Amino acid sequence: MRIRIVDAFTDRPFAGNPAGVLLLDAFPDDNRLQQIALEVNHAETAFAHRLPGGGEADWALRWFTPATEVALCGHATLATAHVLHSTGAHQGPVRFATRSGVLIATPGEDGSITLDFPTAPLTPAEAPAGLAEALGAEPLTVLDTGPDIGDLLIELADERTVHGLRPDHKALAAHSARGVIATARAENPALGYDFVSRCFFPNVGIDEDPVTGSAHTALAPFWSGRLGRPALTGLQASPRTGRVRTELRGDRTLLTGRAVTVIEGDLLV
């Protein structure tokens, strides 16, 4: 098996969110996929194989963290589309058959890739007891992001508070299915982003995710509603950092970013 490590939602190596990408002839058994994802040990490893022509999708795609399979992943989808286009395995828009339906990745003339994802349904939620202590900051707003994302979206007082978070990951795991998205409005939009976020997913083996495409399907409707514009740019303020351009289109959200292949090799076992 040929394996690649791709940094997604960045235009330079050693930034953004790294993902393993394997293009296969068919999916092996689930245990084998999980073993490979654990060995890769990045937030996500994507496995894809070509589908017969004439169907609703071109490639089948699955995503695994080191601990479990997930229903939706943005950065590993972007990484897979980047590998398909950069290797010549696929040209033009690619349709992926996934657990979250058919997802389309479209290459741009500037080298970016745009993902067409379902918009997360946001519903107001009560802050669970102990959430503020586990996160290390007092929530202003708490929203549930629905079953496909499985996070709590937490608005905090300001960008500085988001940057300064040092959460108790073990305690945070008790409060949502996947984890917590912490966000605030950008202090200085002249820097090129409209909102800032950090994502903590201890329940799937990821204490802090570097850049999270799926979280932006919830961040996009939240901040577009607050700021009154469908097209925004988010900065995910993890140590690696990355930017995601979002465009809200009703029940769909467009996520745009770049990717860089940094490692390529063979899986020998």
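Quick caveat, the model's predicted, so the values are computed rather than measured.
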Check: Can you tell me if N203 uses its side chain to pair, donor with acceptor, with the backbone of S176 under 3.5 Å?
Finding: yes
Check: Is there a donor-acceptor contact under 3.5 Å linking the side chains of Q236 and Y193?
Finding: no
Item checked: Pairwise side-chain contact, I104 with F96, heavy-atom cut-off 4.5 Å (strictly under) -> no
Note to self: Determine whether a donor-acceptor pair (N or O, by modelled atom type, separation under 3.5 Å) exists between the side chain of R50 and the backbone of A89.
What the structure shows: yes
Checklist line | D25 CG: over 12 foreign heavy atoms closer than 6.0 Å | finding: no
Checklist line | Short N-O contact, R229 and D194, less than 4.0 angstrom | finding: yes
Next item on the list: Apply the test side chain to side chain contact (heavy atoms under 4.5 Å, CB included) to residues T98 and T77: give CA-CA distance (whole Å), side-chain angles for both, the deciding distance (0.1 Å), then the verdict.
Entry: CA-CA 10 Å; T98 78; T77 304; over 6 Å; no
Note to self: If only side-chain N and O atoms count, and only distance matters, is there a donor-acceptor pair under 3.5 Å linking W59 with T80?
What the structure shows: no
Next item on the list: For H82 and T261, run side-chain hydrogen bond (donor to acceptor under 3.5 Å, both in side chains): C-alpha distance rounded to whole Å, both residues' side-chain angles, the deciding distance at 0.1 Å, then the answer.
Entry: CA-CA 8 Å; H82 168 77; T261 301; 3.0 Å; yes
Margin query: So L153 and D144, do their side chains get closer than 4.5 Å, heavy atoms only?
Written below: no
Notebook entry, point to check: Do NZ/NE/NH1/NH2 and the carboxylate oxygens of D30 and R62 come within less than 4.0 Å?
Noted result: yes
Note to self: Could you check whether any side-chain N or O of D29 sits under 3.5 Å from a backbone N or O of N31, counting only pairs where one atom can act as donor and the other as acceptor?
What the structure shows: yes
Next item on the list: Answer with yes or no whether the hydrophobic clustering places F9 together with I149; edges join I, L, V, M, F, W, Y residues whose side-chain heavy atoms lie under 4.5 Å apart.
Entry: yes
Next item on the list: For E159 and F195, indicate whether the former's side chain and the latter's backbone hold a donor-acceptor pair under 3.5 Å.
Entry: no
Notebook entry, point to check: If we only count heavy atoms from C-beta on, is the L255 to T246 side-chain gap below 4.5 Å?
Noted result: yes
Next item on the list: Give the C-alpha distance, both sets of side-chain angles, the deciding distance and a yes or no for side chain to side chain contact (heavy atoms under 4.5 Å, CB included) between I154 and L131.
Entry: CA-CA 10 Å; I154 311 295; L131 175 63; 3.7 Å; yes
Note to self: Under a 4.0 Å threshold between the charged nitrogen and the carboxylate oxygen, would D7 count as salt-bridged to R240?
What the structure shows: yes
Notebook entry, point to check: Which pair of non-hydrogen atoms, one from P139 and one from A132, has the smallest distance, and what is that distance?
Noted result: CD-CB, 3.9 Å
Notebook entry, point to check: Do you know the tightest heavy-atom contact between V102 and R252?
Noted result: O-NH2, 3.9 Å
Check: Looking only at heavy atoms, which two atoms of A76 and E44 are closest? And how far apart?
Finding: CB-CB, 3.9 Å
Checklist line | ILVMFWY cluster, L191 and L232 together (side-chain gap under 4.5 Å) | finding: no
Note to self: Quick check: do I36 and L22 have side-chain heavy atoms less than 4.5 Å from each other?
What the structure shows: yes
Next item on the list: Report whether W223 and V211 are members of the same hydrophobic cluster (ILVMFWY, side-chain heavy atoms less than 4.5 Å apart, transitive linking).
Entry: no
Next item on the list: Following the transitive rule for hydrophobic clusters with a side-chain heavy-atom cut-off under 4.5 Å over Ile, Leu, Val, Met, Phe, Trp and Tyr, establish whether L219 and V180 coincide in one cluster.
Entry: no
Next item on the list: Kindly write out the residues that satisfy side chain to side chain donor-acceptor pair (under 3.5 Å) with E208, not counting sequence neighbours, or none if the list is empty.
Entry: R198
Next item on the list: Would you confirm whether S238, through its side chain, and P210, through its main-chain N or O, come within 3.5 Å as a donor-acceptor pair?
Entry: yes
Margin query: Looking at every non-hydrogen atom in both residues, tell me the closest pair between G257 and L78 and how far apart they are.
Written below: O-CD1, 3.9 Å
Checklist line | side chain to side chain contact (heavy atoms under 4.5 Å, CB included) between L165 and L135, intermediate numbers included | finding: CA-CA 7 Å; L165 290 175; L135 187 59; 4.1 Å; yes
Notebook entry, point to check: Tell me, do D110 and R258 make a side-chain contact under 4.5 Å, heavy atoms counted?
Noted result: yes
Check: Is the shortest side-chain N to carboxylate O distance from R185 to E187 below 4.0 Å?
Finding: no
Margin query: I want to know whether F64 and F47 have ring centres closer than 6.0 Å.
Written below: yes
Margin query: Using the rule that Ile, Leu, Val, Met, Phe, Trp and Tyr join whenever any side-chain heavy atoms are under 4.5 Å apart, tell me whether F200 and V70 fall into a single cluster.
Written below: no
Next item on the list: Check T119 against T217 and note the closest heavy-atom contact, atom names and distance.
Entry: CG2-O, 3.8 Å
Next item on the list: Find out whether I5 and V40 are in side-chain contact, i.e. whether some heavy atom of one side chain is under 4.5 Å from a heavy atom of the other.
Entry: yes
Notebook entry, point to check: Are R226 and E155 close enough, and set up right, to give a salt bridge (charged side-chain N to carboxylate O under 4.0 Å, His left out), and what steps lead you there?
Noted result: CA-CA 12 Å; R226 288 290 185 90; E155 182 189 10; 2.8 Å; yes
Note to self: For E39, I'd like to know if atom CD has over 12 heavy atoms of other residues, nucleotides or ligands within 6.0 Å.
What the structure shows: no
Check: T68 and V204: which non-hydrogen atoms are nearest, and at how many Å?
Finding: CG2-CG1, 3.8 Å
Item checked: Expected output: side-chain D58 to main-chain V94 donor-acceptor under 3.5 Å -> no
Margin query: Is there a side-chain contact between R99 and L72 in this structure, where contact means two heavy atoms from C-beta onward sitting under 4.5 Å apart?
Written below: no
Note to self: Applying side chain to side chain donor-acceptor pair (under 3.5 Å), can you list everything that pairs with T256, at least two apart in sequence or on another chain?
What the structure shows: T114
Next item on the list: Tell me, please, which residues at least two apart from D151 pass side chain to side chain donor-acceptor pair (under 3.5 Å).
Entry: R178
Notebook entry, point to check: Do you know which of V262, I263, V260, V83 makes side chain to side chain contact (heavy atoms under 4.5 Å, CB included) with V6?
Noted result: V83
Check: With no hydrogens and no angle check, is any side-chain donor or acceptor of T212 less than 3.5 Å from a backbone partner on A215?
Finding: no
Next item on the list: With rounding to the nearest 0.5 Å, note down the distance linking CG in L84 to CG in L23.
Entry: 5.5 Å
Check: Is T145 reaching over with its side chain to a backbone N or O of L152, donor-acceptor style, under 3.5 angstrom?
Finding: no
